[in-house]
A.B. asks: 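Can you keep this structure in mind? I'll have questions shortly.
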Amino acid sequence: MKLYIETSVPNMLLHDDAPEKKQITELFVQWLRLSAHEPFVSPVMIKEIAKARSPRRELLEKVVLELRATMVEVASEAEVLAWQYAAARVVPARFQDDLLHVAVAVCHRLDMIVSWNMKHLANPKKVALINAVNRRQGWPPIRIHTPQEVMGL
């Protein structure tokens with residue numbers, strides 16, 4: 001399965017205020033290395049990480065390298081699709097990067113997005129809205145799950 005790893009996943013490894021999610025994420029990273037699943041990331045993640053201050057930024061960059069993920073590009077069709085999600089009010093427009101993560105994964109026809117962002121992404125209501133836009137625009141549906149759900153815990 002082709003898994004798009006959204007920024008909240010590596011970010012959770014640095015969250016000492018959510019020890020259970022941090023532990024699950026550590027397990028997910030180990031599981032991912034041993035599984036047959038293929039991880040993917042995009043320049044959207046790199047851009048988000050670049051906004052972090054040192055030393056957090058360097059730690060996140062290291063985590064991303066350890067994922068051994070394939071980098072996929074942000075095609076113009078993904079930017080258009082992200083704006084279509086915004087027009088459908090999937091999430092407020094100021095969270096355009098969240099929508100761009102989804103659009104990149106959809107346009108590259110990846111199987112699933114892995115995210116801890118349960119407000120905007122790993123949320124059944126949001127996934128339904130996203131997939132309604134995908135249907136109207138001729139794109140395949142996308143699944144969005146937390147690392148815990150992906151591992152079946």
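Counting from 1, the numbers follow the sequence of the chain as shown.
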A.B. asks: Does a donor on one side chain and an acceptor on the other come within less than 3.5 Å for E6 and S8?
C.D. replies: yes
A.B. asks: Less than 4.0 Å between a side-chain N and a carboxylate O, is that true for K47 and D97?
C.D. replies: yes
A.B. asks: Taking the six-membered ring for Trp, are H15 and W116 closer than 6.0 Å centroid to centroid?
C.D. replies: no
A.B. asks: Step by step, would you call T146 with V114 a side chain to side chain contact (heavy atoms under 4.5 Å, CB included)?
C.D. replies: CA-CA 5 Å; T146 65; V114 184; over 6 Å; no
A.B. asks: How about I130 and I144: do any of their side-chain heavy atoms sit closer than 4.5 Å?
C.D. replies: yes
A.B. asks: Of all the heavy-atom pairs spanning K126 and K119, show the shortest one and how long it is.
C.D. replies: CE-O, 3.6 Å
A.B. asks: Side chains of L32 and H37, heavy atoms from C-beta outward: is any pair under 4.5 Å?
C.D. replies: yes
A.B. asks: Kindly work out whether a path of hydrophobic side-chain contacts (I/L/V/M/F/W/Y, heavy atoms less than 4.5 Å apart) joins L59 to I46.
C.D. replies: yes
A.B. asks: Distance check, rounded to the nearest 0.5 Å: W31 atom CH2 versus M151 atom CE?
C.D. replies: 7.5 Å
A.B. asks: Other residues, nucleotides and ligands only: do more than 12 of their heavy atoms fall within 6.0 Å of NZ on K22?
C.D. replies: yes
A.B. asks: Look up atom CG in L13 and atom NZ in K21, then write down how far apart they are to the nearest 0.5 Å.
C.D. replies: 13.0 Å
A.B. asks: Tell me, do I24 and M12 make a side-chain contact under 4.5 Å, heavy atoms counted?
C.D. replies: no
A.B. asks: Are L3 and F40 close enough that some pair of their side-chain heavy atoms sits under 4.5 Å apart?
C.D. replies: no
A.B. asks: Same cluster or not: V41 versus M1, using hydrophobic residues (I, L, V, M, F, W, Y) connected whenever any side-chain heavy atoms lie under 4.5 Å apart?
C.D. replies: yes
A.B. asks: Mind checking the CG-OH spacing from D111 to Y4? Nearest 0.5 Å is all I need.
C.D. replies: 14.5 Å
A.B. asks: Does a donor on one side chain sit under 3.5 Å from an acceptor on the other, for H101 and E48?
C.D. replies: yes
A.B. asks: Side-chain donor-acceptor pairs under 3.5 Å in residues 61-85, sequence neighbours left out?
C.D. replies:
residue, atom, partner, partner atom, Å
Q84, NE2, Q137, OE1, 3.1
Y85, OH, N134, OD1, 2.6

